[in-house]
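Written out below as structure tokens is the structure these notes cover.
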Amino acid sequence: MTPKQLIKADLYRQTGRVSRVLLIKHLLVNPSFNYVFWFRLCRARSALMRGFARLMHKHLSVRYQIQLPKEVQVGPGLYLGHGTGIIVNASAKIGANCNLSPYTVIGSNHGHAAQIGDNVYIGPHTSVVEHVHIGDGAQVGAGAVVIKDVPAHATVVGNPAKVVREHGEATYIANPVQVNS
């Protein structure tokens, strides 16, 4: 997808609609969307736009305490619940329609970080450690420490995270974007 298509998908996740007025409004008043907007433009075709976007991305990373490297592969419909305190390793892969809550860490000390499926909710103060897989539609509860794979549509909580519900629905994913597989 192009950066423009990704930005539209991200705006849709925020509002349930897409328009120029909403785009401008959310750029001005929504720190989470503002950050994601410039993150997406870091991959623009135009060298001038890409360079400016990288400067804005770096500035907003410091301002909002978010470390989401431009190299991270993120699917359409990224939703940052509140624009602060998120750290993601550059080797992580995040699917479509994912929610990242404040103070989430997706990290790795040894190689690759997590691979997160589509329609995944990650709660506040969560740590996802090393190369684990979080399946589509999974929900990770607040304060969980994920050190093992999470099955699709499961809900995990605790330290270390344990499955408390299987075959659940992605109830925290509002306005999901339709993704062509």
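Remark: the backbone N or O of Ile122 is not paired with any side-chain donor or acceptor of Asn99 at under 3.5 angstrom. Remark: the backbone N or O of Arg50 is not paired with any side-chain donor or acceptor of Arg45 at under 3.5 angstrom. The backbone N or O of Pro3 sits nowhere less than 3.5 Å from a side-chain atom of Arg43 that would complete a donor-acceptor pair. The backbone N or O of Val177 sits less than 3.5 Å from a side-chain atom of Asn97, completing a donor-acceptor pair. Between the side chain of Asn89 and the backbone N or O of Ala113 there is no donor-acceptor pair closer than 3.5 Å. Listed for the Thr104 side chain is no donor-acceptor partner under 3.5 Å among the backbone atoms of Leu100. Judged by distance alone, with hydrogens and angles left aside, the side-chain atoms of Gln65 form a donor-acceptor pair with the main-chain N or O of Val62 at under 3.5 Å.
Residue Leu22 is not grouped with residue Leu6 when hydrophobic side chains (ILVMFWY) are merged at heavy-atom distances under 4.5 angstrom, including chains of intermediate members. Leu23 is not connected to Tyr79 by any chain of hydrophobic side-chain contacts under 4.5 Å among Ile, Leu, Val, Met, Phe, Trp and Tyr, and they are in different clusters. Residues Leu55 and Leu48 do not share a hydrophobic cluster, defined by chaining ILVMFWY side chains whose heavy atoms lie under 4.5 Å apart. No path of Ile, Leu, Val, Met, Phe, Trp and Tyr side chains, each step under 4.5 Å between heavy atoms, connects Ile116 with Tyr121, placing them in separate hydrophobic clusters. In the hydrophobic clustering of ILVMFWY residues, with side-chain heavy atoms under 4.5 Å counting as a link, Ile106 and Ile87 come out apart.
With a 4.5 Å cut-off on side-chain heavy atoms, Val156 and Val164 do not count as touching. The side-chain heavy atoms of Lys162 and Pro160, taken from C-beta on, include a pair separated by under 4.5 Å. Side-chain contact check for Val74 versus Arg40: some heavy-atom pair is nearer than 4.5 Å. Between Ile94 and Val88, the closest side-chain pair of non-hydrogen atoms falls below 4.5 Å. Here the side chains of Asp10 and Phe33 are in contact, with some heavy-atom distance below 4.5 Å. The shortest distance between side-chain heavy atoms of Lys70 and Arg54 falls below 4.5 Å. Looking only at side-chain heavy atoms (C-beta outward), Ile66 and Leu60 stay at 4.5 Å or farther from each other. Annotation: side chain of His133 is in contact with side chain of His131 (closest heavy-atom distance under 4.5 Å).
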Audit row: Asn119, Asp136, side-chain hydrogen bond (donor to acceptor under 3.5 Å, both in side chains) steps and yes/no: CA-CA 6 Å; Asn119 302 308; Asp136 293 347; over 6 Å; no

Verdict with supporting geometry, Val145 and Val128, side-chain contact (heavy atoms from CB on, under 4.5 Å): CA-CA 6 Å; Val145 178; Val128 180; over 6 Å; no

Derivation and outcome, side-chain contact (heavy atoms from CB on, under 4.5 Å), residues Thr155 and Val163: CA-CA 6 Å; Thr155 300; Val163 175; over 6 Å; no

side-chain contact (heavy atoms from CB on, under 4.5 Å) between Val140 and Val146, worked out: CA-CA 8 Å; Val140 180; Val146 180; 3.7 Å; yes

Derivation of the side-chain contact (heavy atoms from CB on, under 4.5 Å) call for Arg17 and Leu11: CA-CA 7 Å; Arg17 296 179 293 147; Leu11 181 61; over 6 Å; no

His112/His110 under ring-ring contact (aromatic ring centres under 6.0 Å, His included): CA gap, chis, key distance, verdict: CA-CA 7 Å; His112 294 286; His110 309 290; over 10 Å; no

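With rounding to the nearest 0.5 angstrom, the OH atom of Tyr64 is 5.0 Å from the CG atom of Asn34. Here Met1 contributes atom CE and Lys8 contributes atom NZ; the two are 10.0 Å apart, rounded to the nearest 0.5 Å. Distance check, rounded to the nearest 0.5 Å: CD1 of Ile134 to CG of Asp118 gives 12.5 Å. Atom CD1 of Ile147 and atom OG of Ser127 lie 11.0 Å apart (nearest 0.5 Å). Taking OG of Ser101 as the reference point, atom CG of Leu80 lies at 9.5 Å (rounded to 0.5 Å). Put simply, OH on Tyr35 and CG on Leu68 are 4.5 Å apart, with the number rounded to the nearest 0.5 Å.
Across all non-hydrogen atoms, the minimal contact from Asn175 to Arg13 is O-CD, 3.0 Å. Considering every non-hydrogen atom in both Ser91 and Gly111, the closest pair reads OG-O, 3.6 Å. Here the closest heavy-atom approach between residue Tyr12 and residue Val18 is recorded as CB-CG2, 3.9 Å. Taking all atoms of both residues into account, the shortest heavy-atom contact from Gly117 to Cys98 is O-SG, 3.1 Å.
Atom CG of Leu28 has more than 12 heavy atoms from other residues, nucleotides or ligands within 6.0 Å.
Aromatic ring centroids of Phe37 and His26 lie 6.0 Å or more apart.
Counted by atom type alone, Glu130 and Ser108 present one or more donor-acceptor pairs between their side chains at under 3.5 Å.
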